[in-house]
Amino acid sequence: APTEKVNTDIVTLTRFLTEEQTKHKEATGDFTLLCHALQFAFKSIAYYIRRATLINLTGLAGSSNTTGDDQKKLDVIGNDLFISAMRSCARVRMLVSEEEEEVIKFDEFPDARYAVVCDPIDGSSNLDAGVSVGTIFGIYRLEPGAQGTKEEILKPGTELVASGFTMYGASTQLVITTKDGPVTGFTMDNALGEFIMTHPDMKVPKQRAIYSVNEGNSLYWEEPIKEWVNSLKGSESSKPYSARYIGSMVADAYRTLLYGGIFAYPADKKSPKGKLRILYECAPMAMVFENAGGQAVNSKMQRMLEVPPEHIHDRSGIFLGSYDEVQKVIDTYNKYQ
Ligand code: AHG
Ligand code: MN
Ligand code: MN
Ligand code: MN
């Protein structure tokens, strides 16, 4: 019988980072060290997520965060794990987290040149039900002499140097992209304890009849959004779309990246600025989808990456996914202008 084709040329995340650094002659290695710290943050969060039910880590922490979310125990633990990973690599000047009201400044590293934004556990309302959750992150490069003030991080997503997310699902997936770079997907091999490259150069299909939105909010939607969603429900001449909504942005985004379709969290009369946060949810995801050939816009159909946050927890409506599917929203919206 033929011997199983063994892949002896495995590309781990560690090797990927080394190869990326080698491509940039001027690289100091700081970005690489920062990414190694991120890698450990993902591994440790995944570890606790998967054991939560066994060690009584599900349920509420009894506190809430600045954006009004009730914090789950794992929100707090994920946040603490992330903060210590970012502090310990000595390459991060400041950190914005969904779970921290203010910017965390690492004044012990005044010369560190990176700022990190993160949503330590995205989809945490789903945690106790065992539904996939994840971590969303973005990396900005600070100007020389930065003081770590919040004004220095209120930047549009066009200034991100890297972004991505993990999804702690049936397996632990990592999707990462750099400015103008490809989108690369990795899968955790628990035996090796390594992220293995499984999805080089990810591209979101140009169109796909799947839409992902919480229709429980449709009472509050603006007219163009109502018309757009109704247009997806088919007619004599067009087949209806499939509805898929998990309620964890990372899970809805990962499916959309792989299968195509559109994910939307519109701003509406109930949430005039939308629900999702620009710095650590909308912008990082927008860069992933643009680099994968898709589109990402806000509720005014402005390019999501060009929308600067007014404060570190500022929110925005968002539509992201297949190029043609987002274009349908834009075209419907423009009929009302
Ligand atoms: P987080 O758990 O980080 O607060 O994010 C939750 C977000 C996002 O994951 C998801 O797309 C959205 O909330 C779902 O909101 P609804 O339950 O209102 O649909
Ligand atoms: Mn939350
Ligand atoms: Mn989130
Ligand atoms: Mn969160």
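Indexing begins at 1, ligand by ligand and atom by atom, following the structure's order.
- When the Mn ion (ligand 3) is compared with the N/O/S atoms of Glu281, atom OE2 turns out nearest.
- None of the N, O or S atoms belonging to Glu99 lies under 2.8 Å away from the Mn ion (ligand 4).
- Among the atoms of Gly78, no N, O or S atom falls under 2.8 Å of the Mn ion (ligand 4).
- No more than 12 heavy atoms of other residues, nucleotides or ligands shown are found within 6.0 angstrom of CZ on Phe40.
- Counted within 6.0 Å of NZ on Lys233, heavy atoms from surrounding residues, nucleotides or ligands total more than 12; the atom is thus considered enclosed.
- Here Asp69 reaches the Mn ion (ligand 2): one of its N/O/S atoms is less than 2.8 Å from the metal.
- Its N, O or S atom nearest to the Mn ion (ligand 3) is what matters here, and for Asp119 that atom is OD2.
- Looking at Glu19 and Arg15, a side-chain N of the basic residue comes within less than 4.0 Å of a carboxylate O on the acidic one, giving a salt bridge.
- Asp122 has its closest N, O or S atom to the Mn ion (ligand 3) at the position named OD1.
- For residue Asp75, no N/O/S atom approaches the Mn ion (ligand 4) to within less than 2.8 Å.
- Closest to the Mn ion (ligand 4) among the N, O or S atoms of Glu98 is OE1.
- Taking a cutoff of 4.0 Å between a charged side-chain nitrogen and a carboxylate oxygen, Glu281 and Lys275 do not qualify as a salt bridge.
- Checked for salt-bridge contact, Asp111 and Arg93 miss the test: no charged N lies under 4.0 Å from a carboxylate O.
- Ring pair Phe82/Phe42 is tilted by interplanar angle, where 30° to 60° counts as tilted.
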